[in-house]
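Residues: numbered from 1 along the sequence shown.
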Amino acid sequence: MKKNIIFLFLMCSIIVNANVRMPLLFSDGMVLQRNKEIPVWGWAEPNEKVEVHFNKQTKTIQADKNGKWMIKLSAEKAGGPFELSITAKNKIIIKDVLVGEVWICSGQSNMEFQMYKVINAEKEMADADYPMIRHFGVAQDLSGTPKEDLKEGKWAVANKENIRDFTAAGFFFAKKLYAELKIPIGIINTSWGGTNVETWTSRQAFEKSNNFKAMIADVPQVDMDAVFEVYKKSVLDNLKKIQGFDVSMENENQFKEFNFEDKNWPEIKVPSLWENQQIGNIDGIVWMRKTITLSAEQAKSEAVLHLSKVDDEDITYVNGVQVGTNKIWETLRVYKIPSGILKEGKNVIAVRIADYSGGGGIYGDPSDLKIQFKDNNIPLEGLWKFNVVQVKIAVSPNSYPSLLYNAMVNPLVPYAFQGVLWYQGEANVWRAKQYKKAFPLMISDWRTKFKQGDFPFYFVQLSTFNEFNGNSKVGSRWAELREAQLETLKLPNTGMVVTTDIGNAKDIHPKNKQDVGLRLAAIALNNVYGKKQIYSGPTFKSQEIKGNEIILTFDNIGSGLFASDNSENLKGFEIAGTDKIFHSAKAIIKNNKVIVSSENVKNPVAVHYGWADDDTEINLFNKEKFPASPFRTDNWEMITANEIYKVSK
């Protein structure tokens, strides 16, 4: 009896192992790319015959010795729904399959940015009834070696029940395409907030690159358990070095108290996410303390504590008494301070911050960080004491190169699609100059891996964000990154959306993703779908120096250059002589050229336009209302010139 049970168990195991199976991409509700050969692949028993049937096509293939197989269906016209069946010793039927246009959407948090966060989110989601638009959400995952299949993921129809977590930029792109083409649109969303371009690039690409092969030679082929241990030690050692003491929750209950001595704690700038400062990219629990001095009159007054925003959760104390708590990372913290808590002289604000993912810390507009009295305010921006007491030890996608390529891109190969939409760069601003090499390398890498030629690759230039108060005088990492993106247009079949006018200098995640999607769609409709139209704003072409003026010529002027606020003078232009000191300039449009001058620069040699982290005020457009990209006419060394990608050991 026992032998029979064992025999039956083994037979069942063999049958299960022999079953043909498909990648998660091949599932109900999927969209296949029209007018191209359609790769279909999966796994079966070694050398097993596999039959694939779709619409009027039937093709057979024999799995290789490892059980892998792939066939290519002939190109299909847009349509559906169809069934895709795969038959071996078992049979899989994939239902509700459409054929249309497929686009991959990738990048960091602004591509990940979900529909429920956009401007007019409730209205947009309530109106999202588009059964011909499908969204595949790739589950976030990382791997030290290329994976064959995704961790998770499924196709979802665009309706008010599903739309909440769609990529917003991708959906508004798809919505516009569908309005113009009236055919099915599929978007594959593989994105992860806070990630750098190097984690999205394959190891093989680095090995073949003169710029990166030395770097990758020092990176071992690692399994994630080993990466975890190295990462854990690195994080804890780094924090001990910064703080001067171990990460520990010991005596944590004392940190809220008025009389606790925090003189040995290090300091951090507030408001600003700690990822941008010495704490780095960690999730966990951090205490922050601020000591202020009040007059006797202030101590007796009613007061309200404004803490701007806290990512993710805070418990806030004043002189040891809890005055408020909130768990919503995007909400302004406004806490009334009960009478009797404030004292004449020294007062202590203590905040226990729990960060679960993404950015962490007190962030937002400095004007929202204050103690408000009836007749005056005390600003709270500046340096605060901090103590990291707990770290959620998890390997960051940025810990090693290629981790996200391996887990979230390689499993998509060789799925047929039309093109890629990309929104990323914030995580690379510190290495903006090197991005001129790293970003084109990633694009070329994906084109090599998918083997679908120089497919369209359209990306979003970084919006305005006043992270470092950067400008022409002190240098601007954000401006340098935008320049790197602009130069990437030298690659064939690329396009760039400029977003200077739809950003938010106080929010790294601007909520207007509608216009981002529409501008991406404008490029695609012109370049791919034959809808001839203006799809971008002016881009700098050349300069001519005449006396104390520089005359600038532009490409992509459409029906003419235009100041968006109808003013006579353009904003955001600066001019410099050989001393490399830039001065605010007078800039006017004449004969579709821009003439730039300044009384302070008699012999000009160079112009900057929008050269700042915060370029909100710039106003050069074409009459089709597309903004001009920020630019510079010099090639002087920038502040990120010597910053390169390194892997911690």
Side-chain angles (χ1 to χ4, degrees), residues 103-108 110-111 190-192 195-216 219 397-398 401-406 408-410 412-413 417-462 477-499 520 523-524 527-528 536 539-540 555-556 629-632 635 638 640-647:
W103 287 79
I104 294 176
C105 302
S106 190
Q108 58 181 111
N110 274 304
M111 182 59 81
T190 181
S191 53
W192 191 322
T195 53
N196 60 39
V197 74
E198 291 85 0
T199 193
W200 292 100
T201 307
S202 77
R203 183 182 183 94
Q204 291 85 352
F206 290 126
E207 289 172 338
K208 294 176 182 177
S209 166
N210 290 332
N211 297 293
F212 293 96
K213 62 184 178 183
M215 175 276 294
I216 202 67
V219 179
N398 296 332
S402 310
L403 294 183
L404 295 190
Y405 173 83
N406 291 337
M408 297 176 64
V409 179
N410 194 70
L412 306 179
V413 178
F417 61 93
Q418 183 62 258
V420 169
L421 308 179
W422 178 261
Y423 198 159
Q424 186 274 340
E426 298 92 336
N428 279 86
V429 294
W430 287 91
R431 303 188 302 278
K433 182 178 180 180
Q434 194 181 41
Y435 198 77
K436 294 180 181 181
K437 304 292 185 183
F439 186 31
L441 178 67
M442 191 213 76
I443 296 172
S444 299
D445 180 35
W446 286 25
R447 286 173 169 174
T448 298
K449 295 293 187 181
F450 279 98
K451 297 180 181 178
Q452 296 182 42
D454 289 340
F455 53 75
F457 196 105
Y458 304 146
F459 50 92
V460 182
Q461 190 182 49
L462 288 193
R477 295 178 179 88
W478 283 69
E480 291 182 32
L481 198 286
R482 295 185 195 109
E483 178 181 75
Q485 293 172 313
L486 181 63
E487 290 193 12
T488 301
L489 292 174
K490 294 174 183 176
L491 281 185
N493 212 4
T494 53
M496 184 181 76
V497 167
V498 178
T499 59
L520 285 165
I523 302 173
N527 292 355
V528 179
S536 73
T539 51
F540 169 70
D555 289 324
N556 304 313
S629 171
F631 66 91
R632 62 179 176 133
N635 61 357
M638 296 283 101
T640 65
N642 299 316
E643 300 295 329
I644 61 172
Y645 180 69
K646 298 176 183 177
V647 179

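- Under a 3.5 Å cut-off, the side chain of S209 and the backbone N or O of A205 do not form any donor-acceptor pair.
- What you find for P401 and F206 is that their closest heavy atoms are CB-CE1, 3.6 Å.
- Expressed to the nearest 0.5 Å, how far CE of M496 lies from CG of L520 amounts to 11.5 Å.
- Side-chain atoms of I443 and W422, non-hydrogen and from C-beta on, never get closer than 4.5 Å to each other.
- Under a cut-off of 6.0 angstrom, the local environment of NZ in K433 is sparse, with at most 12 non-hydrogen atoms contributed by other residues, nucleotides or ligands.
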### Message
Between Q204 and D445, does the side chain to side chain donor-acceptor pair (under 3.5 Å) criterion hold? Intermediate values first, please.
### Response
CA-CA 8 Å; Q204 291 85 352; D445 180 35; over 6 Å; no
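- Within the 3.5 Å criterion, the main-chain N or O of E483 finds no donor-acceptor partner in the side chain of R632.
- A distance-only check finds no donor-acceptor pair linking the side chain of S402 to the backbone of T199 [under 3.5 Å].
- Judged by distance alone, with hydrogens and angles left aside, the side-chain atoms of T494 form no donor-acceptor pair with the main-chain N or O of K490 at under 3.5 Å.
- Smallest separation of non-hydrogen atoms from L486 and P630: CD2-O, 4.0 Å.
- L441 contributes atom CG, which lies 11.0 Å from atom OG1 of T488 (distance to the nearest 0.5 angstrom).
- What you find for I523 and G495 is that their closest heavy atoms are CD1-C, 4.0 Å.
- For the residue pair A438 and V197, the shortest heavy atom distance occurs at CB-CG1, 3.7 Å.
- At least one donor-acceptor pair closer than 3.5 Å links the side chain of Q108 to the backbone N or O of E426.
- Counting only heavy atoms from C-beta outward, the side chains of T190 and L412 approach each other to under 4.5 Å.
- The CG atom of L489 lies 8.5 Å from the CD atom of Q461; values are rounded to the nearest 0.5 Å.
- Within the 4.5 Å cutoff, no side-chain heavy atoms of P456 are placed close to those of N527.
- Ring planes of F540 and F631: parallel class, angle under 30° (limits at 30 and 60°).
- Within the 4.5 Å cutoff, side-chain heavy atoms of V413 are placed close to those of F450.
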### Worked verdict on Q485 versus L481 for side-chain contact (heavy atoms from CB on, under 4.5 Å)
CA-CA 6 Å; Q485 293 172 313; L481 198 286; 3.5 Å; yes
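- Rounding to the nearest 0.5 angstrom, the gap separating the CH2 atom in W200 from the OG1 atom in T195 is 5.5 Å.
- Taking all atoms of both residues into account, the shortest heavy-atom contact from L421 to M111 is O-CE, 3.6 Å.
- Inter-residue side-chain proximity for N398 and W192 is flagged as unmet; no heavy-atom pair is nearer than 4.5 Å.
- Two residues are said to be in side-chain contact when any heavy atoms from C-beta on lie closer than 4.5 Å; P397 and M408 fail this criterion.
- With contacts defined as side-chain heavy-atom distances shorter than 4.5 Å, the pair M215/I644 does not qualify.
- To the nearest 0.5 Å, atom CG of residue L404 and atom OG1 of residue T201 are 10.0 Å apart.
- Note that CG of N196 is 11.5 Å distant from CE of M442, once rounded to the nearest 0.5 Å.
- Separation of the F212 and Y645 ring centroids does not fall under the 6.0 Å cut-off.
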### Query
What do the steps show when you test N493 against F457 for side-chain contact (heavy atoms from CB on, under 4.5 Å), and what is the final call?
CA-CA 7 Å; N493 212 4; F457 196 105; over 6 Å; no
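- Below 30°, between 30° and 60°, or above 60°: for F439 and Y435 the angle between ring planes is below 30°, a parallel geometry.
- Side chain of R482 to main chain of L462: a donor-acceptor pair is present (N/O by atom type, distance under 3.5 Å, no hydrogens or angles).
- Applying the salt bridge (Lys or Arg N to Asp or Glu O under 4.0 Å) test between R431 and each of E480, E198, E643 identifies E198 as the sole match.
- When side chains are defined from C-beta on, R447 counts as touching F455, because their heavy atoms get closer than 4.5 Å.
- Heavy-atom neighbours of K449 NZ from other residues, nucleotides or ligands within 6.0 Å: above the threshold of 12.
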